[in-house]
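I have placed the structure first, in the form of structure tokens, so that the comments after it can refer back to it.
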Amino acid sequence: MTRLSQAFIPTLKDAPADAEAISHKLMVRAGLIRQMGAGLWTYLPAGWRVERKVEAIIREEMEAIGCQEMLMPVLQPAEPWQKTGRYEIDELFKLDDRKGSPLVLAMTHEEAVTYHVAREVRSYRDLPLMLFQIQTKERDEPRPRAGVLRTREFTMKDAYSFDRDEEGLSRSYEAQAGAYGRILDRCGLRWYKVESDVGMMGGSGADEYMAPCPAGENEVALAPGYAANVEVASATAQPVELPAAMDAPEKVATPGLTTVEEVSAALKVAPAALIKALPVVVEGRGLNMVLLRGDHRLNEIKLRNALGADFRQAKPEEIDAEIGPTGFIGPVGAKVPVIKDTAIAGAGLICGANQPDTHLRGVQPGRDFAFEELDVRTVEAGDTAPGGGTIEIEPAIEVGNIFKLGTRYSVPLGATFLDEGGVEHPIVMGSYGIGPARIVAASIEQRADERGIVWPASLAPWQVHLVSLAKGGEREREAADKLYGELEAAGAEVLYDDRDAGPGEKLTDAELLGCSLRIVVGRRGLAEGVVEASERDGGAEHKLPLEDAAAQALSLLDV
RNA sequence: CGGGGAGUGGCGCAGUCUGGUAGCGCACUCGGCUGGGGGCCGAGCGGUCGCAGGUUCAAAUCCUGUCUCCCCGACCA
């Protein structure tokens, strides 16, 4: 099928100097991809074969749940985007045609599918409906990074479900979730389904599929029976030893000490005994003070969700004018509403006194200040998960997500149906995305070793990497040529290294490229009438008798 | 958008401070030797030093502007 002497698979001894992520380095070195610009990548033949294997698996699993494939344009009129309010998104590429009509390059296809469904679907009899495509997406990313992990142009499998009510949506959602699990399993990934932020789209539920790996951009909080994106994770904080309670707060001089570390060191208490006050300006509410335990970090997404409104950090002049001197502010006697994080509890706490160079100790929430309690901190490794397990935090790549959209798109785009009673209702939608390139990268990140890529059998660009150590015209080469023909005839996908190169180069390239089974035909083996097969994953070696090598190789592949 | 770094042959880099013949390793081409882990010898090809302007007798090198790429952060339907 493919002879390496003729193939366009440019391997590199060294990775480009600017590559950081393992998958980025190996994909470039193995000749899978090449860069054209920031976040713009070309798939070379070997890389494209892998990507298409992922797509084939996705396609099969989508069709198995009754999801129908279609294809929508990437270049679209701006109008539906203006209707849904997404025309304002910074990441959306916008352009005009020669007549001056505004167009966009789609970043997803909710507007497009909904546009079509709105025109064709009229009756409850047309529902439920599930559609998908495997199509290019364009996003003007502020910072593309890590090879194929975060790019401005990428392929996405995006599916959309259309139901008459929430119950139907839940069924479609579960069907997709089932397919997602099968897809990721078949791709050989370690993955977690985690609760995720529904974001500004305000849907009724969302889950992300995370593949843990060092290059991951997201963090997932994991415990037995619990998995959530750190963006939304919630857990019980680790306990702290607090100073003794007091009858009333007492001032203590802390000249020039403004950070948690300085104050806790000076007063000889744990950082967790302090209350950190973060002044924020909340949309529609004005200046508020958010309180966190001294050793905790604010989770902006949780705060935004809990408030149901956007917010920003207060400016120093706003703090000085309305609360007190920056670095010494606290809730006791403050003139602004106080939001206390759940993890702050007990008595004997320490906080700023709203006076220069002064803190208060012996502070007790409720007694000394009123508050609204919200869970707004970022969970940490060692916290206790809702199920009672201990939280661990791992970096992960988001390889897919599923989302209950509700009527977010059907209402502005007029996608409605008539029920049995002739009453019009908006269609209830879901959307479901998978990034094949991220699956490829995650697979490499999770499985590669120091010699190169280690593909699972389902993703390997070729099943067999056949290496002839002899050069053209030599006797040993004829045996390799013959085996190549036999493997092909038997239906195997074979990459045949027939180059006139040294053995070191050929063997190293085979390991770099990572196909499941390498078969070496060389003088040494042929002397005993065998070829040498080795499995890339695990390294098991087998000597196959020459005359039966093709058949035995195929049976090794089935394992 | 903030901070940092880099653009010199296909890849990796030196040369820039202190202006004066563009260099090294790998790759590539040709010839030969070698042949189980990127081997050796010899001969070659290939670069207006990101771009534009300026200073100078003279600019990869100094000055100004600009573009691109990478990393950290912010951001990420």
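Sequence lines set the chain letters: A, B, ... in the order given, protein chains first and strands last, and positions in each chain run from 1.
With both pairing distances under 3.5 Å, B:rG19 is matched to nothing as a Watson-Crick or G-U wobble pair. In this structure B:rA74 sits in no base pair that meets the Watson-Crick or G-U test at under 3.5 Å. The partner of B:rG36, taking Watson-Crick or G-U wobble pairs whose two distances both stay under 3.5 Å, does not exist in any strand shown. Of all nucleotides present, only B:rC63 satisfies the Watson-Crick or G-U wobble test against B:rG53, with each distance under 3.5 Å. Figure legend. B:rU48 is base-paired to no nucleotide; pairs are counted as Watson-Crick or G-U wobble with both atom distances under 3.5 Å. In a base pair of the Watson-Crick type (N1 to N3 plus N6-O4 or O6-N4) or a G-U wobble (N1-O2 and O6-N3), with each distance short of 3.5 Å, B:rC24 is matched with B:rG12. With a 3.5 Å ceiling on both atom-pair distances, the Watson-Crick or G-U wobble partner of B:rC30 is B:rG42. The partner of B:rC69, taking Watson-Crick or G-U wobble pairs whose two distances both stay under 3.5 Å, is B:rG5.
Between the side chains of A:D481 and A:Y496, at least one donor-acceptor pair of N or O atoms lies under 3.5 Å. Inspection of the A:S534 and A:E541 side chains reveals no N or O donor paired with an N or O acceptor under 3.5 Å.
Straight-line distance between the P atoms of B:rC40 and B:rG3: roughly 48 Å, to the nearest whole Å. B:rG53 and B:rC11: their P atoms are spaced 26 Å apart (whole Å). Annotation: B:rG10 and B:rG54 have their P atoms spaced 28 Å apart (nearest Å). Nucleotides B:rG5 and B:rU48, compared at atom C1', are 27 Å apart to the nearest Å. Across B:rU16 and B:rA58, the matching P atoms stand 22 Å from one another, rounded to whole Å. Separation of the C1' atoms belonging to B:rA60 and B:rA74 is 36 Å when rounded to the nearest angstrom. Comparing B:rC13 with B:rG31, their P atoms are spaced 33 Å from each other, to the whole Å. To the nearest whole angstrom, the two P atoms, one in B:rC69 and one in B:rU61, are 23 Å apart.
Remark: P of B:rC76 and CD of A:E217 are 12 Å apart, rounded to the nearest angstrom. The CG atom of A:L92 sits 13 Å away from the P atom of B:rA77 (whole-angstrom rounding). Taking atom CD1 of residue A:I301 and atom P of nucleotide B:rC76, one finds them 7 Å apart after rounding to whole Å. The distance between atom CD of A:E141 and atom C1' of B:rC75, rounded to the nearest whole Å, is 9 Å. The distance from atom CD of A:Q135 to atom P of B:rA77 is 20 Å, rounded to the nearest whole Å. In this structure, A:R139 places its CZ atom 8 Å from P of B:rA77, rounding to the nearest Å. Rounded to a whole Å, the CD atom of A:E231 is 9 Å from the C1' atom of B:rC76. Here the C1' atom of nucleotide B:rA77 and the CD1 atom of A:I402 are 16 Å apart, to the nearest Å.
Scanning for salt bridge (Lys or Arg N to Asp or Glu O under 4.0 Å) contacts around A:R152 gives an empty result, with sequence neighbours left out. Under the rule for a salt bridge (Lys or Arg N to Asp or Glu O under 4.0 Å), the partners of A:E69 that lie at least two apart in sequence or sit in another chain are A:R59.
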Classify every nucleotide of nucleotides 25-42 of chain B by which part a protein heavy atom approaches to under 4.0 Å, writing B for the base, S for the sugar-phosphate alone and - for neither, in 5'-to-3' order.
-S-------BBBBB----
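Cation-pi geometry between A:K193 and A:Y180 is not met: the NZ or CZ atom fails to fall both under 6.0 Å from the ring centre and inside 45° of the normal. Cation-pi contact between A:K404 and A:Y173: present, with separation from the ring centre below 6.0 Å and deviation from the ring axis of at most 45°.
Counting any heavy atom pair closer than 4.0 Å across all strands shown, A:N218 reaches no nucleic acid atom. Contact annotation for A:E300: backbone-only contact, meaning every heavy-atom pair under 4.0 Å involves sugar-phosphate atoms and none involves a base.
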In a table with atom names and distances, give each donor-acceptor pair under 3.5 Å that connects a side chain of residues 37-44 of chain A to protein atoms at least two apart or in another chain.
residue	atom	partner	partner atom	Å
A:W41	NE1	A:G147	O	3.1
A:Y43	OH	A:E51	OE1	3.3

Would you tabulate the side-chain donor-acceptor contacts of residues 499-507 of chain A under 3.5 Å, counting partners in other chains and residues two or more places apart, or write 'none'?
residue	atom	partner	partner atom	Å
A:R499	NE	A:D497	OD1	2.9
A:R499	NH1	A:D509	OD2	3.3
A:R499	NH2	A:D497	OD2	2.9
A:R499	NH2	A:D509	OD2	3.0
A:D500	OD1	A:G472	N	3.1
A:K506	NZ	A:S468	O	2.6
A:K506	NZ	A:R499	O	2.5

Listed pairs, N/O of protein and of nucleotides 67-72 of chain B, under 3.5 Å:
residue	atom	partner	partner atom	Å
B:rC69	OP1	A:A38	N	2.9
B:rC70	OP1	A:Q35	NE2	2.9
B:rC70	O2'	A:D18	O	3.4
B:rC72	OP2	A:R143	NH1	3.3
B:rC72	OP2	A:R143	NH2	2.7

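Judged purely by atom type and a 3.5 angstrom limit, A:R438 uses its side chain to pair as donor or acceptor with the backbone of A:E398. With hydrogens and angles disregarded, a donor-acceptor distance shorter than 3.5 Å links the side chain of A:R119 to the backbone of A:Y115. When atom types are taken as modelled, the side chain of A:H116 and the backbone of A:V121 share no donor-acceptor pair closer than 3.5 angstrom.
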